Asks: 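Before I ask anything, let me first share the structure, which is written out below as structure tokens.
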Amino acid sequence: MIRILLVDDQSILRQGLKALLELEPDLQIVGDADNGQNAIDQVAALQPDVVLMDVRMPVMDGVAATKLIGQRFPQVKVLILTTFDDDEDVAEALRVGARGYLLKDTPSEDVAVAIRTVYKGHTQLGEGILQKVMARASVPKPVELQNLPPGFMELTPREREVLRLIAIGANNREIAQKLYISEGTVKNHVTNILGRLNLRDRTQAAIFANSVLLLLNPDTDEKTIEKD
């Protein structure tokens with residue numbers, strides 16, 4: 001049974017989600033909260049497996065709450081559920097530890113699938129979300145080579161190509177077709193990239209890559225980087 005905490009400042013939405021999700025035999029709603037501070041208190045008291053978190057709330061927003069939950073309760077997975085598909089706060093939530101991002105108009109059965117996915121330790125993003133999040137995922141000041149993780153300079157040219165394609169949302173099959181290599185080889189490159197850059201998953205890798213896109217290949221115009 002996956003234990004879930006619902007966090008949203010709209011009580012009607014919390015009640016509706018609870019009614020729908022509890023139709024799933026493996027999901028249990030153990031509590032709810034109407035702001036980020038209450039969410040942290042509830043996590044401490046209830047120890048849920050997954051927190052379904054809104055972004056814009058009073059007292060403490062979902063991004064700040066996600067960061068603190070990640071620091072204090074690293075075993076708890078946070079799945080963002082928001083109205084805005086281009087919200088900069090969501091990109092920040094992914095940076096500070098959210099395991100996924102869905103829109104509130106996502107069908108309840110898809111929300112249930114996403115909960116199961118993040119519970120298993122994977123990342124779940126709604127359809128078309130990755131590209132929109134990446135487009136807004138930028139650093140506040142120019143990135144200098146000396147400020148990059150030490151492992152960046154250890155990436156091989158091929159690994160940088162793979163990272164560059166991850167940045168535009170390409171999956172393993174698309175990367176394999178683009179670079180004329182097998183999907184197994186792509187998986188090995190992705191594993192090496194995450195290990196060398198000390199990143200959790202390909203979502204963090206994509207955010208990182210977009211932040212340093214020109215440094216990945218200074219001689220290539222960003223506009224030329226497109227999926228086939």
Side-chain angles (χ1 to χ4, degrees), residues 2 50 70 74 77-81 85-86 90-103 106-107 109-139 143 148-228:
I2 302 175
V50 176
K77 312 297 193 304
V78 177
L79 174 61
I80 297 292
L81 185 65
D85 66 353
D86 61 348
V90 177
E92 181 63 19
L94 291 173
R95 290 193 189 98
V96 300
R99 301 297 306 202
Y101 169 24
L102 299 177
L103 298 180
T106 302
E109 57 269 24
D110 291 342
V111 175
V113 170
I115 290 171
R116 297 183 187 104
T117 299
V118 300
Y119 172 71
K120 294 177 182 178
H122 305 299
T123 299
Q124 179 72 44
L125 299 178
E127 183 178 356
I129 295 301
L130 179 60
Q131 290 83 351
K132 292 183 179 181
V133 172
M134 294 306 101
R136 303 185 73 116
S138 58
V139 291
V143 178
L148 293 173
F152 175 77
M153 301 308 296
E154 298 176 9
L155 294 179
T156 66
R158 177 64 86 189
E159 287 167 351
R160 293 191 186 190
E161 287 181 290
V162 171
L163 181 58
R164 197 173 186 78
L165 291 170
I166 290 175
I168 60 171
N171 58 35
N172 286 352
R173 171 184 276 184
E174 291 167 333
I175 294 173
Q177 293 174 344
K178 181 78 173 180
L179 300 181
Y180 302 102
I181 57 180
S182 70
E183 289 188 52
T185 300
V186 174
K187 290 179 182 178
N188 290 337
H189 285 317
V190 173
T191 298
N192 291 339
I193 290 167
L194 297 181
R196 287 175 177 168
L197 298 180
N198 194 28
L199 299 174
R200 185 185 64 226
D201 52 39
R202 65 192 300 134
T203 300
Q204 286 193 344
I207 293 172
F208 171 85
N210 274 271
S211 299
V212 295
L213 195 56
L214 293 181
L215 290 177
L216 297 178
N217 188 350
D219 297 325
T220 302
D221 189 326
E222 181 178 349
K223 295 179 181 179
T224 67
I225 308 167
E226 300 176 351
K227 292 199 294 182
D228 290 338

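All values below come from the heavy atoms of this structure, side chains included, with hydrogens, waters and symmetry mates left out. In this text the structure is predicted, and so the values were computed from the model without any measurement.
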Asks: Strictly distance-based, threshold 3.5 Å: is any side-chain N or O of Q177 a donor or acceptor partner for the main-chain N or O of E174?
Replies: no
Asks: When you look at T123 and R202, which way does the side-chain contact (heavy atoms from CB on, under 4.5 Å) test go after all the steps?
Replies: CA-CA 8 Å; T123 299; R202 65 192 300 134; over 6 Å; no
Asks: Between R99 and G121, is there a donor-acceptor pair closer than 3.5 Å when you use the side chain of the first and the backbone of the second?
Replies: yes
Asks: Name the residue from L179, T156, L155, N192 that meets the side-chain contact (heavy atoms from CB on, under 4.5 Å) definition with V162.
Replies: L179
Asks: Let me confirm one number: the CG-CD1 distance from N188 to I193, rounded to the nearest 0.5 Å.
Replies: 11.0 Å
Asks: For G100 and V118, which heavy atoms make the closest approach, and how far apart are they?
Replies: N-CG1, 4.4 Å
Asks: Grab the two heavy atoms, one from Y119 and one from V50, that are nearest each other, plus how far apart they are.
Replies: CB-CG2, 4.0 Å
Asks: L79 and A114: which non-hydrogen atoms are nearest, and at how many Å?
Replies: CD2-CB, 3.9 Å
Asks: Write down the atom of L194, the atom of A205, and the distance for their closest heavy-atom approach.
Replies: CD2-CB, 4.0 Å
Asks: Inspect the contact between E161 and R158 and indicate whether a charged nitrogen and a carboxylate oxygen are less than 4.0 angstrom apart.
Replies: yes
Asks: Which heavy-atom pair separates L81 from L103 by the least distance, and what is that distance?
Replies: CD1-O, 3.3 Å
Asks: Can you tell me how far apart OG1 (T203) and CZ (R95) are? Round to the nearest 0.5 Å.
Replies: 12.0 Å
Asks: Where do A98 and I80 come nearest, in terms of heavy atoms and distance?
Replies: CB-CG1, 3.8 Å
Asks: Within this structure, what is the CG-CG distance for the pair D110 and L102, rounded to the nearest 0.5 Å?
Replies: 8.0 Å
Asks: Quick one: CD on Q124 to NZ on K77, what's the gap to the nearest 0.5 Å?
Replies: 14.5 Å
Asks: Could you state the interatomic distance from CG (N172) to NE2 (H189), rounded to the nearest 0.5 Å?
Replies: 11.0 Å
Asks: Between D201 (side chain) and Q204 (backbone), is there a donor-acceptor pair under 3.5 Å?
Replies: yes
Asks: At what distance, to the nearest 0.5 angstrom, does CZ of R196 lie from OG1 of T191?
Replies: 11.5 Å
